[in-house]
J.: 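Have a look at the structure that comes next, please.
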Amino acid sequence: MAERSVVIELHDVTPASWFDYHEFVAQLDALGPLPLSWLVVPDFHRRTPLERAPTFCRALEARLARGDELLLHGYAHADEAAPPRTPKDWLRRRLYTHEGEFAALDEAEAARRIAAGQALFERLGWPLHGFVAPGWLLGSGARRALARSGLAYTSDRQALLRLPQFESLPAPALVWSARSAARRVLSQIYCAQLLERHRKSPVLRLALHPADLRHQQARRYWLITVERLLADGRRARTCAAWLGQRSAAASAA
C-alpha cells in the first residue's frame, strides 16, 4: 500500500504571530517528531521586517534543525496593487481576502518581491525551495515571475505545483475562516466533508492560520485532526519532503 502523508502548514509566520503559534506547536511536538512547513512573511504589512527580529529568526533556525521547512509566503502579505476593476477581482481581492499580495502585480514587481525574499533567506542562511502566495492568489504576471525564479514549487488550495511548468500534483488543503463564529462553524462542517471526500488521497494539507489559534474551537479541531490522521496511518512530511518522496517513487517506477 502506498504511503499516505499529511503536511502541516503554518501560514502567515511573522514575529507578531509567533505568540499565536508557540503553544500549539508545543502540543504538536508532544505528539512525536512531526516536521512542519512554516510559511514565512519577510516584512508583514511593512511593519515587521525579519532582520529586525533576531530572537524570532533564531527560533525559526531551531525549527529548521528539527527537520522543519521554511517557505517564502509573499513578501509584505498586503494587497498594494491598484484597486479591483472587475466583479471577479473584487470578490477575490476584497471578499475572499484583503491580503492577496500577488493577485494583481505585474511581472516585474512580482519578480522584484520574490527576489527580495530569496535574498533575505540567503542572507539568513535558510534553505528555500517553495513559494506560496498569500491567499494562494497568483495573477498572470506573478506566475511568469515565479516560473523564472528558480524555486522548485508553489501551491494552491488543491495542489502542489512543480515549477517552472506548474505541474499539478493533487494535494487538497483544509483551511478555516475564523473571522466570526458563523464562519468557524461552517469551516468545521466544510473541512469534515473534505476529509471524507479525500480520505484516500496520498497527501492532505492542513493550512493553519494565526487567527485559528485564537479560538478554542479551532485549536481543538486542528489538534484532534492531526491526531486522527496520524492514527489512521498518515506520516507527517514537509511540502518539500513529500515532493521529493513523490519524485523518488516516480523514478523507481
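Positions are given from 1 along the sequence.
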J.: Before giving the answer on side-chain contact (heavy atoms from CB on, under 4.5 Å), spell out for V25 and L10 the whole-Å C-alpha distance, their side-chain angles and the decisive distance to 0.1 Å.
T.: CA-CA 10 Å; V25 168; L10 307 179; 3.8 Å; yes
J.: Kindly compute the distance separating CG (D43) from CG (L120), expressed to the nearest 0.5 Å.
T.: 9.5 Å
J.: List the atom of P170, the atom of S168, and the distance in Å for their closest heavy-atom pair.
T.: CD-O, 3.9 Å
J.: For the CG atom of L60 and the CG atom of L50, what is their distance to the nearest 0.5 Å?
T.: 7.5 Å
J.: Please examine the side chains of F121 and Q118, heavy atoms only from C-beta on, and report whether any two atoms are closer than 4.5 Å.
T.: no
J.: Please identify each residue that fulfils salt bridge (Lys or Arg N to Asp or Glu O under 4.0 Å) with R184, with sequence neighbours left out.
T.: none
J.: With heavy-atom distances below 4.5 Å as the criterion, would you say the side chains of S37 and R205 are in contact?
T.: no
J.: Looking only at side chains, do Q245 and E3 share a donor and an acceptor under 3.5 Å apart?
T.: no
J.: Just so I know, are the side chains of R199 and L204 near enough to count as touching, which here means a heavy-atom distance under 4.5 Å?
T.: no
J.: Can you measure from NE2 (H198) to CD (E196) and round to the nearest 0.5 angstrom?
T.: 11.0 Å
J.: Tell me whether W176 is reachable from L28 by hopping between hydrophobic residues (I, L, V, M, F, W, Y) whose side-chain heavy atoms are closer than 4.5 Å.
T.: yes
J.: Strictly distance-based, threshold 3.5 Å: is any side-chain N or O of D68 a donor or acceptor partner for the main-chain N or O of L36?
T.: yes
J.: A quick test of your reading: do over 12 heavy atoms of other residues, nucleotides or ligands sit less than 6.0 Å from CZ of R123?
T.: yes
J.: Would F19 end up clustered with L39 when hydrophobic side chains under 4.5 Å apart are linked, directly or stepwise?
T.: no
J.: Kindly give the heavy-atom pair with the smallest separation between A178 and D212, and that separation in Å.
T.: CB-OD1, 3.7 Å
J.: Could you tell me which non-hydrogen atom of V203 sits nearest to which non-hydrogen atom of A171, and how far apart they are?
T.: CG1-CB, 3.6 Å
J.: Using a 4.5 Å cut-off on heavy atoms from C-beta on, say whether the side chain of L151 contacts that of I114.
T.: yes
J.: A side-chain contact here means heavy atoms from C-beta on lying under 4.5 Å apart; do W126 and E69 qualify?
T.: no
J.: Quick one: do V13 and L72 end up in the same hydrophobic cluster if we chain Ile, Leu, Val, Met, Phe, Trp and Tyr together by side-chain heavy atoms under 4.5 Å apart?
T.: yes
J.: Between D29 and R63, does at least one N-O distance fall below 4.0 Å, as a salt bridge requires?
T.: yes
J.: Give the minimum heavy-atom separation between G74 and P134, together with the two atoms involved.
T.: CA-CD, 3.7 Å
J.: Can you tell me how the ring of H77 sits relative to the ring of H45, calling it parallel under 30°, perpendicular over 60° and tilted otherwise?
T.: tilted
J.: Membership question, hydrophobic clusters at under 4.5 Å side-chain separation (ILVMFWY): are V185 and V175 in the same one?
T.: no
J.: Tell me, yes or no, whether the heavy-atom count around E227 atom CD, taken from other residues, nucleotides or ligands under 6.0 Å, exceeds 12.
T.: yes
J.: First locate atom OG1 of T238, then atom NE2 of H129, and finally report the distance between them rounded to the nearest 0.5 Å.
T.: 8.0 Å
J.: Can you tell me if R4 uses its side chain to pair, donor with acceptor, with the backbone of D232 under 3.5 Å?
T.: yes
J.: Just checking H215: does its NE2 atom have more than 12 heavy atoms from other residues, nucleotides or ligands closer to it than 6.0 angstrom?
T.: yes
J.: Hey, could you give me the CG/CZ distance between L34 and R237, rounded to the nearest 0.5 Å?
T.: 13.0 Å
J.: With a 4.0 Å cut-off, would you call R58 and E61 a salt bridge?
T.: no
J.: What I want to find out is whether E23 reaches R219 closely enough, with some N-O distance under 4.0 Å, to be called a salt bridge.
T.: no
J.: Any donor and acceptor pair, going by atom type alone, linking the side chain of S187 with main-chain N or O of S177 inside 3.5 Å?
T.: yes
J.: Could you tell me the separation between the CZ atom of R220 and the CD1 atom of I224, rounded to the nearest 0.5 Å?
T.: 3.5 Å
J.: Shortest non-hydrogen contact from L174 to W222?
T.: O-CH2, 3.4 Å
J.: Determine, stepwise, if the pair L169 / W242 fulfils side-chain contact (heavy atoms from CB on, under 4.5 Å).
T.: CA-CA 11 Å; L169 301 174; W242 184 81; 4.2 Å; yes
J.: Taking E167 for the side chain and R162 for the main chain, is one N or O donor matched with an acceptor at less than 3.5 Å?
T.: no
J.: Would you check if F131 and L138 make a side-chain contact, meaning some heavy-atom pair closer than 4.5 Å?
T.: yes
J.: Return yes if some donor-acceptor pair links the side-chain N/O of D156 with the main-chain N/O of L160 below 3.5 Å, else return no.
T.: no
J.: Around atom CZ of R144, are there more than 12 heavy atoms of other residues, nucleotides or ligands at under 6.0 Å?
T.: yes
J.: Under a 3.5 Å distance rule, please check whether T14 uses its side chain to pair with a backbone N or O of F44 as donor and acceptor.
T.: no
J.: Given side chains that start at C-beta, do those of Y221 and L206 come closer than 4.5 Å, heavy atoms only?
T.: no
J.: Would you say L128 and F102 are hydrophobically clustered, going by side-chain heavy atoms of ILVMFWY under 4.5 Å?
T.: yes
J.: Does the side chain of L208 come within less than 4.5 Å of F24's, by heavy atoms?
T.: yes
J.: Measure from the side-chain N and O atoms of Y153 to the backbone N and O of V132, and report whether any donor-acceptor pair falls under 3.5 Å.
T.: no
J.: State, to 0.1 Å, how close L64 and P127 come at their nearest heavy-atom pair, and which atoms those are.
T.: CD1-CD, 4.1 Å
